[in-house]
Amino acid sequence: PGTRLHAWSPLPCRFTILKDGKQVQQVEGRALEETPTGPGKYRVEVELKIRDEWTPWIYANPLELK
């Protein structure tokens, strides 16, 4: 209870949160905050918009919540 996931970026980007390989949230901006829905492996992917196209930037390692 009370667990929160946070991600920040120095540049505007698109954050995607995955739980057990499935997308659970996607937002554009410089920050993301998510309340996990339960146990599982959570991971964030970050993309930058370059020439009107989303380009992969960061693929974080998963965090396992039990």
Side-chain angles (χ1 to χ4, degrees):
T3 301
R4 305 284 292 165
L5 303 175
H6 301 270
W8 295 274
S9 169
L11 302 170
C13 60
R14 179 167 71 183
F15 295 96
T16 302
I17 294 278
L18 300 141
K19 177 186 177 191
D20 298 325
K22 297 178 183 160
Q23 180 178 320
V24 293
Q25 184 180 20
Q26 188 173 70
V27 297
E28 293 180 28
R30 291 184 183 211
L32 166 82
E33 187 172 315
E34 168 75 13
T35 300
T37 57
K41 291 184 180 181
Y42 291 82
R43 187 167 66 84
V44 66
E45 295 179 355
V46 185
E47 301 167 288
L48 293 176
K49 197 164 200 175
I50 300 173
R51 294 186 180 182
D52 294 326
E53 189 172 314
W54 289 109
T55 304
W57 182 29
I58 298 169
Y59 293 100
N61 289 327
L63 299 171
E64 185 170 3
L65 300 179
K66 295 183 178 195

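Heads up: numbering here begins at 1 and tracks the sequence.
Every residue meeting the side-chain contact (heavy atoms from CB on, under 4.5 Å) condition with R43, not counting sequence neighbours, appears here in chain and number order: L18, E45, Y59, P62. Residues satisfying the ring pair (Phe, Tyr, Trp, His ring centres under 6.0 Å) test with W54, not counting sequence neighbours, are none. Take E33 and apply the salt bridge (charged side-chain N to carboxylate O under 4.0 Å, His left out) test, not counting sequence neighbours, and it matches R4. Listed by chain and number, the residues in a side chain to side chain donor-acceptor pair (under 3.5 Å) with T37 are K19 (sequence neighbours excluded).
Interatomic distance, CG of L5 versus CD1 of I17, reported as 5.5 Å (0.5 Å rounding). The CG atom of D52 lies 11.0 Å from the CD1 atom of I50; values are rounded to the nearest 0.5 Å.
Residue L48 comes nearest to C13 through the heavy atom pair CD2-CB, 3.9 Å, listed as atom of the first residue, atom of the second, then distance. In this structure, D20 and P39 approach most closely via the heavy-atom pair OD2-O, 4.4 Å.
Sorted by first then second residue, the salt bridge (Lys or Arg N to Asp or Glu O under 4.0 Å) pairs that include residues 56-66, not counting sequence neighbours, number zero. Screening residues 27-53 for ring-ring contact (aromatic ring centres under 6.0 Å, His included), with sequence neighbours left out, gives no hits. Screening residues 6-29 for ring-ring contact (aromatic ring centres under 6.0 Å, His included) gives H6-W8 as the qualifying pairs, with residues at least two apart or on separate chains. Residue pairs meeting the side-chain hydrogen bond (donor to acceptor under 3.5 Å, both in side chains) criterion with at least one member in residues 9-18, sequence neighbours excluded, are R14-E47, T16-Q26.
Within 6.0 Å of the NZ atom in K49, the count of heavy atoms belonging to other residues, nucleotides or ligands exceeds 12.
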